[in-house]
Asker: 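Okay, handing you the structure first.
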Amino acid sequence: MNGLQRIFDTARAICHPQIGLTSFAILLMMTGCGNRQADSLIELTFWHAWGGYEGKYLEDLVREFNDTHTQIRVKPAFFIIGDKLMAAIAGGIPPDIATVWDWMLPTMGEAGCFLPLNDYLQRAGLGPEDYLPNVWDYGMFSEKKFGVPTALNVWMIFYNKRLFTEAGLDPKSPPADIASLTECARRLTRRDATGKLERIGFIPEFQYSYIWMWNFGGDLYDRESRHFIIDSPENVQAVKWIASLYREYGIDNYRRFVATFGEYDSPNNPFYKEKLAMREDGQWQISFIRHNAPDLDYGLIPFVSAVRDRESQSAMTGSFWVIPEGCRNPDAAWTFLSWLIAPAQSARFASTLYNVPPLRAALNDPAYADVYRSRMRVFIDFLLEGRARPLPALPIGQFFYNEFNNIMEEICSGALEPEAGLPILDNRLQRELDRSLRHLGITEEHT
Amino acid sequence: MLGKKNDCVWIYAALLAGSFLFFMPFWWMLISSLKTNEQIFTVPPDWFPRPIHWQNYLDAVTFIPFVRYLWNTLIISLGNTVGNVLSASLVAYSFSRIPWRGRDVCFYLMLGTMLLPPQVTMIPVFVIFRTMRLIDTFAPLIIPSFLGTPFFIFLLRQLFRGIPEALSEAARIDGCSEWQIYARIIMPLSITGLVTVVVFSFLWSWVDYLNPLIYLQTPEKFTLSLGLQQFQSSHALEWGMLMAAGTLMVLPVVLLFFVAQKAFIRGIITGGLKE
Amino acid sequence: MTRQERLHLKNGLLFAAPWIVGFCVFTFAPILASFYYSLCSYNVVREPIWIGLENYRTLLFEDPHFLKTLYNTLYMMVFGVPLSLALAFCLAALLNTDVSFLSFFRTVFYLPSVVPVVAVSILWVWILNPEYGCINALLASLGVHGPGWLTDPRWSKPALILTNLWGVGNIMIIFLAGLQQVPRSLYEAAVVDGANRLQRLWNITLPCVSPVIFFNLIMGVIASFQYFTQVYIMTTGISPEYGGRAGGPEGSTLVYALYLYQNAFQHFKMGYASAMAWILFLLSVAVIYVILKTSGWVHYAEEQ
């Protein structure tokens, strides 16, 4: 490998942009047409994940930054969060600021993809108490903060009031416990003469079934001991309930039915089309419904708890802004980021998206007042009460996500029983986590 | 297989049924691209869009910077074409017209590399291009074609071997260098084969997906395939728009096929039949 | 070495230089590097860390998906390759007659092969839609209740094979060329001997085109080991309800190359992915070796 490495190094030296740049600069100086202004201008590329009017608004914010900061020019670009960012970082040509989903943050961060922002945050005087409950630790596996949250989402059950009335249910008193939720789901479900599904009352999605685990009193992961606790009796109960719904509809029927759904962010969303009477969704739906189905009469159920005398729990999800490893000008990138996450900007951005700004100060910003007064209030209060929390931050995020869904799918299709499936899941995740920690050098090397 | 004349009916029936099935996906794509969402989500489907709805094409072109991606794809495809014609003809010339020691070993080694799954070399090749700071440029998508693609080398070698050796001998006696024999005798005699190389290397880089996926990061540099896939991953269920974008993407290659039909078929036959 | 030989060697190497350079830089060195990575924990961003055979051990003995992905890949191979060869052969046989409009039919059968794979994949997801797709609409008009195709773990692999069958034009053309090279005199003699259609097919056509079948078989096997793009696109976008995971439902379309890609570019385990690539290479060599060893049925015509 040494010989090979040397060839690479030579090639790198030849192709090094700085050598090219230096000679170019010398050339410029000799010809005397160097532009001093241009030399000191720092250009940053900013990959964000918002299309449509949301993206336009974000790009307006960026323009405002560019107008007020003469030293830095930020170039925004829309991209789809996925494999591309990893390839760009691995390829040594990352954007200066990028956006990632929450489950990717600790995985890519611990793998060395992002710069830790601890020092920057400290210098900016930002600490746990400045954020809403559960937000400071959000996405943090070790002590390193690899990103700052963009805006927060909270999950609830949206229900169609018209369909409730039609089914003889009272839209003013939605289900408040598991039994009545199951009963409502049954009564709202409709099939045609051949048994084909035409409407589903309620079905928890695989990927969010951890919310139900919480509501049944279980948990996923113990942060202190770095151990998964997915195979607990509470979780088995939760999954049994979820599986019972799937088995009642029939997994094949369900899958065929799902294939008839239209685009999520369009008037063809199955919830607007009354194909789903109740649906787990994030608070942005308030704004989506306003755009796509303004006449829809809907209500909100803040999940239901299966444990007596315990408040229901919900999930917090979202994305993060990161400065990738290999960014040429981290200080300038942070200057931009810290401007973007400041309460004034954060409040405006979150109000456009109908998201919740992560900083407490932003909640009371005048720019957010209208949104705060709207139906968003329920979601925000949920966050303030600490009842919405994120998935555990893990250095094996995508792996967790894939395996969790694989096993849930197998259980719901009847291939596995919950009592057997959850220990398998627990075991697989634990083995992968241990292996990953060992390879990352977080736990000591085994021999 | 020498059929009797009264078999013809059955053969026609089979051919017509086959053509119907093979053509239907194209028709389905076209009509879906011309329907509104309401028309798309109907059971049973309309086999003719009424009325024709052009909006999907406008929307698709707005979402995907079509002209830009077309241009990128064109540059990469042309780069590949030039690279493959140059490199494959040179190497094939060496493998077929110059009797040098070790030639056959090299040739079989080359055939062997065709069995190697690209997954084996994918990551290290990525690292090499990173070391050369060429990620997010067209270079990783074009440079390899200048270093010879085994299939094209093989194809041209078969062709060059069919040209009588006496021609080369006579030229050598006349004092021609190998370069002159290559450029003045072999190449002009192999125009048809070279056209095949042109067509196929153009087509293959036109349809390539995995390499642009790995090497191109900035959206302005995407190719059509990559652009369409990225569009799909954010609008997976907007069928009208997806089909419109798909139709726009298929059109150029179908046109290319009609222009160069002969070269296509000859290329497949030469590649598949000999040896 | 004579002067002539030295000159030839010099020229030969000079003309072959592009390939020699390409082989060294883009094939040979990467093979070595890939083997080294397969013995490391490596995520491309950080330097590789040597871990010996752990990747291979984990893959072969612990990975719960390894056998499943092999099964899926072999399924696609065992059913997909013979089916596409058979269909291509039938189409070629139909075209190898004296009917008119031949070039029209040939064009229709061949055209799908030039469609970019991304477009093919997206188009077929829509064609195979259980409710609004045209296949199930056609089946319904025949009174058949169509399956769920990509949404049903029992039908997802057949759905992918069906998609592949649309692109058999390439193979068909090769068969067609092979069929046209079968000497007509053989058929005429057989007709004189009173051989019926089936006997002529079995005793003349198949032996004569057996090298072509063999070639297509090898190519098909290689392609199905590397089968990736289509399944990646067709199963990722299929339903956001599955959280955008490729390889579903229930892992029924998680083929080897797709799992390799996920490990490399989603779980950032390049070392593990390299180990997978090496196992893939060994497997393909083994399968091709078996095919070569059992190729007694291939009849090569004597050199003219």
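So that the names make sense, note that chain A is the first sequence line, chain B the second, and so on, each numbered from 1. In this text the structure is predicted, and so the values were computed from the model without any measurement.
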Asker: Measure distances from A:D252 to the heavy atoms of chain C and classify the residue's part below 4.5 Å as side chain, backbone, both or neither.
Answerer: side chain

Asker: Where does C:N136 contact chain A at under 4.5 Å (heavy atoms): side chain, backbone, both or neither?
Answerer: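 Looking at C:N136, just its side chain touches chain A.
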
Asker: Go through the atoms of C:N129 and report whether side chain, backbone, both or neither lie under 4.5 Å from a heavy atom of chain A.
Answerer: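 C:N129 touches chain A through side-chain heavy atoms alone.
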
Asker: Is the centre of the C:W278 ring less than 6.0 Å from the centre of the C:F35 ring?
Answerer: yes

Asker: Against chain A, label C:Q262 side chain, backbone, both or neither, depending on which of its atoms sit under 4.5 Å from a heavy atom there.
Answerer: side chain

Asker: Side chains of A:Y246 and A:N253: do they bring a donor and an acceptor to under 3.5 Å?
Answerer: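 No donor-acceptor contact under 3.5 Å links the two side chains.
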
Asker: Between C:S38 and C:Y56, do the side chains contain a donor N or O and an acceptor N or O under 3.5 Å apart?
Answerer: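 Distance-only check passes for C:Y56 and C:S38.
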
Asker: Distance alone, cut at 3.5 Å: any donor-acceptor contact between the side chains of C:Y272 and C:E54?
Answerer: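 No, no side-chain donor-acceptor contact under 3.5 Å.
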
Asker: Are the aromatic rings of A:Y249 and A:Y254 close, with centres under 6.0 Å apart?
Answerer: no

Asker: For the residue pair C:F225 and C:Y256, is the inter-centroid distance of their aromatic rings smaller than 6.0 Å?
Answerer: no

Asker: Which one wins on heavy-atom pair count under 4.5 Å against chain A: C:G133, C:G52, C:G146?
Answerer: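 If we count pairs closer than 4.5 Å to chain A, C:G146 comes out on top.
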
Asker: Heavy-atom distance under 4.5 Å to chain C: side chain of A:M408, backbone, both or neither?
Answerer: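 Contact with chain C is absent: no heavy atom of A:M408 under 4.5 Å.
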
Asker: Can you tell which of A:N406, A:I251, A:L440, A:I89 has the highest number of heavy-atom pairs within less than 4.5 Å of chain C?
Answerer: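 Going by pairs under 4.5 Å, I would pick A:N406.
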
Asker: Using a 4.5 Å heavy-atom cutoff, which residues in residues 425-435 of chain A come close to chain C?
Answerer: A:R428, A:R431, A:E432, A:R435

Asker: Compute the ring centroids of A:W155 and A:W284, then answer whether they are less than 6.0 Å apart.
Answerer: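 Yes, the ring centres sit under 6.0 Å apart.
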
Asker: What residue in C:P153, C:G251, C:G148, C:P64 has the most heavy-atom pairs under 4.5 Å with chain A?
Answerer: C:P64

Asker: Using a strict cut-off of less than 4.0 Å between a Lys/Arg side-chain nitrogen and an Asp/Glu carboxylate oxygen, indicate whether A:R255 and C:E250 qualify as a salt bridge.
Answerer: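 A salt bridge links A:R255 with C:E250.
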
Asker: Would you find more than 12 non-hydrogen atoms of other residues, nucleotides or ligands less than 6.0 Å from C:W166 atom CH2?
Answerer: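 Atom CH2 in C:W166 is crowded, with more than 12 foreign heavy atoms closer than 6.0 Å.
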
Asker: Salt bridge or not for A:E274 and A:R190, using N-O below 4.0 Å?
Answerer: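 The answer is no: the pair does not qualify as a salt bridge.
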
